[in-house]
**Student:** 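This is the structure, below, for whatever I ask next.
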Number of protein chains: 2
Amino acid sequence: MKNFDTVSLSFCGGSHDHGRCVITAIKAAEELCHSKGVRLTDARKRILELVWDSHHPVGAYDVLSKLSQESGKTAPPTVYRALDFLLEQGLIHRIESLNAYVGCAHPAEDHAGLFLICNKCGCAAEVHDETIDQTILTKASNLGFRPEQRTLEVRGICPDCQNPQ
Amino acid sequence: MKNFDTVSLSFCGGSHDHGRCVITAIKAAEELCHSKGVRLTDARKRILELVWDSHHPVGAYDVLSKLSQESGKTAPPTVYRALDFLLEQGLIHRIESLNAYVGCAHPAEDHAGLFLICNKCGCAAEVHDETIDQTILTKASNLGFRPEQRTLEVRGICPDCQNPQ
DNA sequence: ATGTAAATGTTATAACATAACAGTAATGAA
DNA sequence: TTCATTACTGTTATGTTATAACATTTACAT
């Protein structure tokens with residue numbers, strides 16, 4: 001299985017070049033959309049960038065207000081439509097426990113991430129673990145349940161917030 | 001570990017005596033509150049009953065409208081305050097992916113259930129599995145993350161909806 | 001160029017949740 | 001028993017998140 005060690009970088013204190021992080025994500029999104037034959041329009045791309053602005057999940061209305069600042073009056077459906085598109089393409093994830101959205105670090109792959117969300121700084125890290133997936137799927141099918149989507153969110157304290165400088 | 005086979009009963013088609021199910025839950029709630037020295041007031045008890053009305057998660061405003069019907073005009077804070085209390089005591093769970101609430105089948109115990117929620121009929125079953133818990137906790141702590149709360153929700157098709165009569 | 005489907009703009013409103021403050025009821029100490 | 005304190009409830013207003021419905025524009029294939 002692919003190594004997702006990079007996730008640890010996305011805890012808030014992990015000093016990484018986030019500009020680069022965004023550029024990579026956008027480029028991956030462009031390629032993915034191209035290969036799928038779907039359109040990553042300017043609006044969608046811009047909203048994806050705004051979601052990727054940080055590793056903190058952002059609310060739809062946060063995106064809306066940034067967008068309004070730069071492009072003049074914008075209405076909620078503009079944002080929600082783009083978010084829905086991005087969700088469908090697996091380019092972002094929705095964090096249900098926060099009503100917020102966060103960029104997906106590996107959009108081309110498996111789509112049931114586990115999110116570790118810091119209650120202090122608000123950052124979110126996406127983790128993949130085959131054992132967790134398997135255990136959950138096995139449990140469900142043992143009960144006769146056919147899984148379609150998963151929401152796995154763990155709230156707590158991230159490493160950086162446990163050991164503040 | 002305790003056997004939670006009873007969860008399978010809570011899929012919508014499982015014909016069980018739900019009246020009895022509610023009575024049991026309320027009784028357990030009364031005992032639990034008594035033992036904890038917290039007050040299960042009439043309002044709280046009634047709202048717990050309304051949440052337990054079915055195995056489908058119910059929205060706060062569903063509870064509100066039922067309450068308004070039987071007790072005259074009621075405002076949202078009445079409902080939300082009771083729901084918050086019930087959540088704190090572990091008597092109900094919040095289903096984040098539905099913005100809805102559902103009765104907890106074993107309030108005295110461990111509090112990180114896994115919910116299997118049917119996309120067809122809307123019923124929700126609470127499952128506990130030590131392996132899942134352990135795997136997730138281990139994964140988190142390997143990454144230096146200290147878990148506090150968990151939201152584990154699997155949406156899909158329940159056994160009854162897979163094999164309709 | 002033009003018909004069609006996809007995307008976006010716009011207005012209004014639905015659905016979910018809380019802030020803030022006033023009033024009432026339960027509880028325990030004097 | 002009274003009083004003070006705290007917990008609980010009522011009420012009004014408002015904040016936050018999300019979608020319905022319909023008009024308009026844009027992209028694309030023919």
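Each chain gets a letter, A, B and so on, in the order its sequence line appears, and its residues count up from 1.
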**Student:** Taking atom NZ of A:Lys139 and atom CG of B:Asp129, what is their separation to the nearest 0.5 Å?
**Tutor:** 4.0 Å
**Student:** In degrees rounded to 10°, what angle is found between the helical axes fit to the five outermost pairs at each end of the helix from C:dA1-D:dT30 to C:dA30-D:dT1?
**Tutor:** 30°
**Student:** Could you check B:Thr41 against B:Tyr61 and say which one's nearest nucleotide on DNA chain D is further toward the 5' end?
**Tutor:**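 Residue closer to the 5' terminus by nearest nucleotide: B:Thr41.
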**Student:** Measuring from B:Cys21:SG to B:His55:NE2, what's the distance to the nearest 0.5 Å?
**Tutor:** 3.5 Å
**Student:** Could you tell me whether the side chain of A:Arg46 reaches within less than 4.5 Å of the side chain of A:Leu67, counting heavy atoms only?
**Tutor:** yes
**Student:** Mind listing the residues from residues 69-80 of chain B sitting with a heavy atom below 4.0 Å of DNA chain C? Number order is fine.
**Tutor:**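 DNA chain C contact set from residues 69-80 of chain B: B:Pro76, B:Pro77, B:Tyr80.
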**Student:** Test of understanding: with side-chain contact (heavy atoms from CB on, under 4.5 Å), list the residues that count as partners of A:Lys45, not counting sequence neighbours.
**Tutor:**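 A:Lys45 satisfies side-chain contact (heavy atoms from CB on, under 4.5 Å) with A:Ile26, A:Glu30, A:Leu40, A:Glu49 only.
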**Student:** With a 4.5 Å limit on heavy-atom distance, are the side chains of A:Pro147 and A:Leu137 in contact?
**Tutor:**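 Yes, at least one pair of side-chain atoms sits under 4.5 Å.
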**Student:** Working to the nearest 0.5 angstrom, can you tell me the gap between A:Tyr80 OH and A:Tyr101 OH?
**Tutor:**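 So the OH of A:Tyr80 and the OH of A:Tyr101 are separated by 5.5 Å.
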**Student:** Can you pull out the residues from residues 87-102 of chain B that lie within a 4.0 Å heavy-atom distance of DNA chain C?
**Tutor:**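 Nucleic-acid contacts, sorted: B:Arg94, B:Asn99, B:Tyr101.
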**Student:** If you take the centroid of each ring, where Trp contributes its six-membered ring, are B:His93 and B:Phe115 closer together than 6.0 Å?
**Tutor:**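 Yes.
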**Student:** Below 4.5 Å, heavy atoms only, C-beta onward: do B:Asn119 and A:Gln149 meet side chain to side chain?
**Tutor:** yes
**Student:** Taking protein heavy atoms under 4.0 Å as touching, what does nucleotides 22-30 of chain D look like 5' to 3' if B marks base contact, S marks sugar-phosphate-only contact and - marks none?
**Tutor:** -----S---
**Student:** Charged N to carboxylate O under 4.0 angstrom, A:Arg155 versus A:Glu153?
**Tutor:**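 The answer is no: the pair does not qualify as a salt bridge.
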**Student:** Could you give the start and end, 5' to 3', of the contact zone on DNA chain C for chain B, using atoms under 4.0 Å from its heavy atoms?
**Tutor:** C:dC16 to C:dA26
**Student:** With a 4.5 Å cut-off on side-chain heavy atoms, are A:Asp53 and A:Val63 touching?
**Tutor:** no
**Student:** Hey, is the main chain of A:Ile157 close enough, under 3.5 Å, to the side chain of A:Gln162 for a donor-acceptor pair?
**Tutor:**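 Yes: the side chain of A:Gln162 pairs with the backbone of A:Ile157.
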**Student:** I would like to know whether B:Val102 and B:Trp52 meet side-chain contact (heavy atoms from CB on, under 4.5 Å); could you show each step before the answer?
**Tutor:** CA-CA 7 Å; B:Val102 68; B:Trp52 265 108; over 6 Å; no
**Student:** Would A:Arg150 and A:Asp133 pass as an ion pair if we require N to O under 4.0 Å?
**Tutor:** yes
**Student:** Would you give the length of the straight line joining atom CG of B:Leu91 to atom CG of B:Leu86, rounded to the nearest 0.5 angstrom?
**Tutor:**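 Rounded to the nearest 0.5 Å, the CG-CG separation comes to 5.5 Å.
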**Student:** I'd like to know if the side chain of A:His128 pairs up with that of A:Glu130 as donor and acceptor (distance under 3.5 Å, no hydrogens or angles considered).
**Tutor:** no
